[in-house]
Structures are given as structure tokens and as C-alpha cells.
Amino acid sequence: MANDSSFLFAGIRFDRKKFGTDIARFQKKDTDDSLAKIQSVTEDEENKETIEAVSGKKRKRKKTSAEAVDGFSVFRSSTSKSNKEVKVDDDDDESIRLKKEQNKQLERDAIFRKNHNIHVSGYNVPSPLQSFDELNTRYKCPSYLLRNLAELGFREPTPIQRQAIPVLLQDRECFACAPTGSGKTLAFVCPMLMKLKAHAKGGVRAIIICHSRELSGQTYRECKKLAKGEKFRIKLMTKNLLRNADFSKFSCDILISTPLRLSLAIKKKKVDLSRVEYLVLDESDKLFEPGLFTQIDSIIKACTNPSIIRSLFSATLPDFVEDRARELMHDAVRVIVGRKNMASETIKQKLVFTGSEEGKLIAIRQSFAESLNPPVLIFVQSKERAKELYGELAFDNIRVDVIHSDLSQDERENAVDNFRAGKTWVLIATDVVARGMDFKGINCVINYDFPDSASAYIHRIGRSGRAGRSGEAITFYTEEDIPFLRNVANLMASSGCEVPSWLTDLQKKKWKKHRPIRDSISTKPAVEKENSTEKLQKKKRKKHRPIRDSISTKPAVKKENSTEELQKKKRKKHRPVVKKENSTEPDL
Ligand SMILES: Nc1ncnc2c1ncn2[C@@H]1O[C@H](COP(=O)(O)OP(=O)(O)OP(=O)(O)O)[C@@H](O)[C@H]1O
């Protein structure tokens with residue numbers, strides 16, 4: 001973190017020697033927009049660059065006018081100026097006025113960004129949005145979108161929206177990092193809808209990649225809500241679509257997919273992505289991890305449109321992702337809200353020592369018995385442990401459910417829907433829902449198992465305290481986790497939580513995928529464990545349709561004939577409802 005912040009503020013030093021003339025000029029001006037203000041915000045390399053450029057030109061101009069005065073001092077006060085000279089003077093005045101105005105705007109932008117904790121780098125970064133109204137006054141936002149924003153109750157843009165939306169609207173590539181729950185989805189969907197304008201035929205026009213099916217589904221629904229009233233063709237790459245669509249004729253305005261499904265569509269179905277104008281990689285640091293990178297790479301390579309605008313969004317932006325972004329993008333703008341890799345400041349974070357695995361179970365039962373304030377999300381480190389904890393809590397008289405990658409798509413969706421609808425009070429989960437999922441109003445996140453990395457901690461606890469609401473996060477730790485405690489303590493301290501000094505004084509240890517082999521959560525003896533798992537499985541198994549022996553009592557030959565007859569009869573009336581190939585409906 002220390003490195004990150006020093007990198008972030010690397011541009012803050014103002015070379016007083018180099019800019020001596022400019023300092024003198026600003027001081028002379030004696031305005032409230034003082035140099036001190038500029039100095040305090042010149043971490044914005046963009047401002048620095050522009051100020052440099054402008055002052056450079058000014059110096060040049062001053063020199064030119066000095067030369068002119070030296071050379072033609074006789075004529076300076078003369079009234080016999082030629083028309084051409086008058087025009088040159090007028091032009092000069094106009095450009096001075098314009099530059100002054102430009103400088104003032106830069107100062108205003110810098111102060112505004114500082115007030116909203118927005119840091120930018122890149123050349124010529126557009127001014128941040130003061131309000132959603134500016135979408136209309138500056139960019140002629142269509143009325144359906146303004147109406148939808150108002151209907152969704154979005155009155156003011158969040159900091160990431162204030163800066164990322166104008167950047168993308170001005171066709172600049174962008175990589176952005178802003179806290180969890182700070183409205184990054186709208187920050188990339190809104191400019192996409194505005195730029196695409198309306199539905200148009202001819203291939204895929206925009207793509208949003210999300211790391212999980214759950215997040216893809218959620219982003220699809222968000223897009224639909226924002227596009228309501230306009231005939232955009234927004235599609236979710238479902239299993240059905242991948243299997244049944246005729247990709248040679250495939251066309252849509254926005255396609256939302258996981259990396260795997262889209263890379264399969266490229267490889268096996270030869271989907272044409274050469275016309276894609278916008279590509280968003282949400283949770284970009286996850287997408288650039290080794291497991292997904294080959295798929296992402298194939299997608300990026302398939303999007304061959306030279307004027308494509310790519311953007312990367314996440315709440316955590318490790319240096320390696322920044323490096324990739326710089327390699328990949330042209331003239332990209334970097335937007336950071338707050339500090340990189342920081343937990344949301346609206347979450348009250350606590351650490352609880354439980355001693356052992358048994359201690360964790362006691363602690364959680366005790367805490368639920370004292371006060372259970374749903375919805376509560378519990379994270380464990382593996383699907384096996386998720387099943388075990390579910391096995392323990394399922395009979396505790398609380399409405400608990402579980403989500404992990406061993407469940408079918410339907411079961412996963414049901415788990416999410418029931419939790420969202422309040423039917424489930426406590427959801428036990430693996431990291432499958434740790435990122436991006438917007439469960440409104442989660443009161444508490446419990447890290448039953450210590451997270452395995454800083455980003456896992458930030459994203460997990462970020463399921464609460466969203467959109468400015470407050471939330472709580474409790475992290476259990478055992479002896480095994482102590483070496484990594486300081487990392488969490490530092491994250492807590494940097495997001496404003498009180499941390500005892502002994503925690504931050506602990507020895508530093510590099511946090512590399514900390515997933516120790518833990519004792520089983522289950523308290524039941526082995527046989528009972530098997531039975532109860534079976535019971536639970538039965539409870540969950542909804543579509544239990546085994547192949548059973550025939551009911552028919554007729555002899556085999558007769559049976560065959562009658563079956564054939566029946567089949568013939570059936571075949572006549574066989575008119576299945578053919579599913580539209582390019583159905584926009586997800587198989588949710
Ligand atoms: N301008 C706004 N005003 C109020 N609420 C907003 C605004 N923009 C977005 N939201 C709401 O904030 C919540 C979080 O938004 P979103 O899911 O986009 O966050 P995020 O930054 O992508 O979080 P994460 O990093 O966890 O993925 C959503 O419920 C969304 O509807």
C-alpha cells in the first residue's frame with residue numbers, strides 16, 4: 001500500500017525552480033485560485049502536463065513579444081500600425097483570453113476532483129461531471145436515459161461516475177479503480193448507451209466481460225434497466241445462446257458474457273467481433289489472473305476494430321494490471337477514487353480471535369443467538385467447507401442457504417434470488433459471490449475463514465456498506481492466520497478503522513494465497529456426517545427423476561408394439577416450440 005500511495009502521489013512535487021515565472025505570475029494575479037491549490041492537486045499529472053504546456057507556450061509568447069518590443073520599439077506606440085499587425089494583436093489577445101479561461105477551468109477541475117477524492121493521470125483529461133444534468137448540457141444525453149436515472153433514484157453521480165463517464169464519452173480509453181459499491185457499473189454502462197445511441201444492425205457493437213455468471217446476470221439486468229424505453233438489443237451469453245445461436249448472423253448492441261463463454265463462441269462458433277466499438281473488462285484484475293487471462297487475451301485479439309474504446313474497472317488495481325493496461329491501451333486515462341486497493345470507508349471492520357475451528361462455530365452460534373441482523377453473508381475458503389458449515393447451521397432454526405460452484409446454475413440462481421428477496425437470512429458462500437455482487441443492504445459480512453489475499457478481503461467485505469450505506473465486517477482468525485493479520489490490520493487502518501497498535505507492529509509477511517488446510521467444521525461423527533449430508537442433499541434435490549422399471553404388466557413383444565404405436569401417434573403431434581435462436585432472454 002505504501003508503494004501504491006507513493007506512486008499515486010508521485011506527481012505531487014511542484015518544481016518551483018522550473019516554474020518560477022509561473023509562480024510569480026500567479027502570485028501577481030492575487031486570486032483565490034492560488035498556486036497553493038494547484039500545488040495541492042498536481043498529483044493529477046494531466047493538470048501538470050497541461051499547465052506545463054500552457055506555461056511553456058506563455059513563456060514562448062512572452063519572449064516573442066519581448067523580441068517584438070526590442071526590435072520595433074519605435075513603432076510600438078505609433079498609431080501607424082498596419083492592419084495585419086492589429087490582427088496579430090487581436091489574435092494574441094484572444095488566445096491569451098482563451099488560455100486564461102483554460103487555466104481557470106483546470107484549476108476549478110482540480111479543486112473539484114480534490115473535493116471528491118478523484119485522482120487522474122493522462123493527457124487532457126475532460127472535466128468531471130458536476131451533476132447528471134451535465135450529461136445533457138455537455139453531451140446531449142437522450143431523455144430516456146435521464147428518465148431512467150431519475151427513476152432509479154440516482155440524483156448525483158458518484159465520484160467514479162463524475163470522472164469516468166466524461167472520459168469514455170470523449171472516446172478515451174480508461175482504467176479505473178474505485179471502492180466497492182461506488183457505482184462503477186453505471187460509470188461504464190451509461191457512456192456505452194449514449195455512444196451507441198440506438199439499435200443498429202451489423203454484428204456485436206459492445207461487450208462487457210464479467211468474471212462470473214452471477215455478475216454477468218446482474219450486469220445484464222442493470223443494462224436493461226438503464227436502457228428501458230430504447231430499443232437496444234442487449235444479450236446475455238447463456239449456455240443456451242452459446243449452444244443454439246447461429247453466430248454467423250449474430251448481432252446485438254451489447255453482449256454481456258463470462259470470459260469462458262465468449263472465448264468458446266470465438267473458437268468454436270466463429271463469432272465475429274471485428275465491429276466491436278466498446279469493450280469493458282469489469283473486475284479487471286480478476287480477469288487478468290492466470291486462470292482467465294488466455295480467454296481474455298483471445299477476446300481482446302478478436303476485437304480488431306482499430307477505433308475500439310477499451311476500459312478496465314475494479315475496486316483493486318494491482319501494478320501488474322496497470323502495466324497490462326498501459327501496454328494494451330492507447331493514450332488511456334487513469335482514474336482512481338480514494339486510494340488504490342482500499343476497503344470502503346463506510347464499513348465497520350472487526351477482527352475476532354477464535355483460537356480454533358471449533359471456536360469459530362461457537363462464536364458464530366453465540367453471535368446469532370445474541371442478535372441476528374439479516375441479511376448476513378458468510379465467506380469460507382472452499383466449497384467443501386461451505387457444505388460443512390451449511391450442514392451445521394441448517395438445523396439451527398435460522399433461514400440459511402449456501403452457494404458454491406458445485407451447485408447447478410438453477411440452484412445458484414435460487415440461492416442468490418432468495419437472499420435478495422429476504423427469504424434467506426444467512427448465505428454461506430465461497431468467493432464465487434465475493435466480487436461485484438450487489439446485494440442491497442447486507443448488514444454484516446463474516447469472514448469465517450480468513451481471506452487469502454488483500455483483494456479478497458476488500459471485495460468480500462465490500463458486499464456490505466454499498467452506495468454510501470454503512471455496513472459491518474467481522475473477520476475470524478486462528479493461530480494459523482496470525483502471520484497475515486497485519487495485512488488486514490493495515491487495510492482496516494487505511495480505511496479509517498481503529499486498530500490496536502500491537503496489530504500494526506506485527507511482522508510483515510507477504511500475502512500469497514493463504515489457504516491453510518483447516519480442521520473440518522463439522523462437529524458430527526463420520527457416519528452421522530454422511531447421513532446428514534445425504535439428508536441435506538435430499539432436501540435440496542428438487543428434480544429427482546430416476547429411470548425406474550416399467551409399470552406395464554404386458555408381455556415384452558406386445559409392449560414393444562404398443563410403444564411403437566404410441567410413438568407414431570406422438571410423432572404426428574410433435575410440434576415443439578422452437579426457441580428463437582437469438583433470444584435475448586437469459587436461461588436464468
Ligand atoms: N449515482 C448513484 N446514486 C445512488 N446509487 C447509485 C448510483 N450509482 C449506482 N448506485 C447504486 O450503488 C450500488 C453499487 O453499484 P455497483 O454495483 O455499480 O458498485 P461497484 O462499484 O461496481 O461495486 P463492486 O466493486 O463491488 O463491483 C448499486 O445498488 C447501484 O444501484
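Start at 1 and go down the list; that is how both ligands and their atoms are numbered. Hydrogens, waters and symmetry mates play no part in the numbers below; they use all other heavy atoms, side chains included.
- No heavy atom of Gly468 sits closer than 4.0 Å to any atom of ligand 1.
- Among protein heavy atoms, the minimum distance from atom 1 (N) of ligand 1 is reached at Glu156 O, 2.9 Å.
- Summary of contacts: the protein heavy atom closest to atom 12 (O) of ligand 1 is Ala467 CB, 3.3 Å.
- More than 12 heavy atoms of other shown residues, nucleotides or ligands fall within 6.0 angstrom of atom CZ in Arg420.
- Counting only heavy atoms of the protein, atom 3 (N) of ligand 1 lies nearest to Phe154 CD2, 3.7 Å.
- For Gln105 and Arg108, the side-chain atoms include at least one donor-acceptor pair closer than 3.5 Å.
- In summary, Glu230 and Lys197 do not engage in a salt bridge, as defined by a charged side-chain N under 4.0 Å from a carboxylate O.
- Taking a cutoff of 4.0 Å between a charged side-chain nitrogen and a carboxylate oxygen, Arg466 and Asp438 qualify as a salt bridge.
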- request: Dump the intermediate steps for side chain to side chain contact (heavy atoms under 4.5 Å, CB included) on Leu168 and Ser311, then the final yes or no.
  value: CA-CA 8 Å; Leu168 291 168; Ser311 54; 3.9 Å; yes

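- For Lys184, heavy-atom contacts with ligand 1 shorter than 4.0 Å involve the backbone as well as the side chain.
- In this structure, the protein non-hydrogen atom closest to atom 17 (O) of ligand 1 is Arg466 NH2, 3.0 Å.
- Glu222 and Lys225 are joined by a salt bridge, as a carboxylate oxygen and a charged side-chain nitrogen come within less than 4.0 angstrom of each other.
- Atom 23 (O) of ligand 1 has Gly181 N, 2.8 Å as its closest protein atom, hydrogens excluded (heavy atom only).
- In this structure, Ser182 counts as a contact residue of ligand 1, since one of its heavy atoms falls inside 4.0 Å of the ligand.
- Among protein heavy atoms, the minimum distance from atom 29 (O) of ligand 1 is reached at Asp438 OD2, 2.5 Å.
- Between Leu186 and ligand 1, a contact under 3.5 Å exists for no N or O pair.
- Residues Thr158 and Leu186 form no side-chain contact, since every pair of their non-hydrogen atoms from C-beta on lies 4.5 Å or further apart.
- Contacts between Arg435 and ligand 1, counted as non-hydrogen atom pairs separated by less than 4.0 Å, are absent for every part of the residue.
- Heavy atoms of Pro179 found under 4.0 angstrom from ligand 1 belong exclusively to the backbone.
- Looking from atom 8 (N) of ligand 1 to the surrounding protein, the closest heavy atom is Gln161 NE2, 2.8 Å.
- Distances below 4.0 Å separate heavy atoms of Lys440 from the following atoms of ligand 1: 29 (O).
- Residue Gln218 places no N or O, backbone or side chain, under 3.5 Å from any N or O of ligand 1.
- At a heavy-atom cutoff of 4.0 Å, ligand 1 is contacted by the side chain of Arg463 but not by its backbone.
- Taking a 4.0 Å cut-off on heavy atoms, His459 fails to register as neighbouring ligand 1.
- Contact analysis leaves Arg155 out of contact with ligand 1, as no non-hydrogen atom separation drops below 4.0 angstrom.
- A side-chain hydrogen bond (donor to acceptor under 3.5 Å, both in side chains) check over residues 290-303, counting only residues at least two apart or in different chains, returns the pairs Asp297-Lys301.
- When each atom of ligand 1 is checked for a heavy atom of Glu283 under 4.0 Å away, the hits are 27 (O).
- For Glu289 and Lys286, the salt-bridge test passes: some basic side-chain N is under 4.0 Å from an acidic carboxylate O.
- Just one of Val432, Ile442, Val416, Leu377 meets the side chain to side chain contact (heavy atoms under 4.5 Å, CB included) condition when paired with Met437; it is Val416.
- Residue Phe132 has no N or O atom closer than 3.5 Å to an N or O atom of ligand 1.
- Looking only at heavy atoms of the protein, atom 18 (O) of ligand 1 is closest to Thr185 OG1, 2.6 Å.
- Proximity of Ala178 to ligand 1 is not established, as no heavy-atom distance is less than 4.0 Å.
- Ligand 1 has no nitrogen or oxygen under 3.5 angstrom from a nitrogen or oxygen of Glu222.
- Summarising the local packing, NZ of Lys195 is surrounded by more than 12 heavy atoms from other residues, nucleotides or ligands at distances under 6.0 Å.
- Between the side chains of Glu413 and Gln409, at least one donor N or O lies within less than 3.5 Å of an accepting N or O.
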- request: Take Phe439 and Phe419, measure what ring-ring contact (aromatic ring centres under 6.0 Å, His included) needs, and give me the verdict at the end.
  value: CA-CA 8 Å; Phe439 300 114; Phe419 191 51; 5.2 Å; yes

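- Ion pairing between Asp449 and Arg460 fails under the 4.0 Å rule for side-chain N and carboxylate O.
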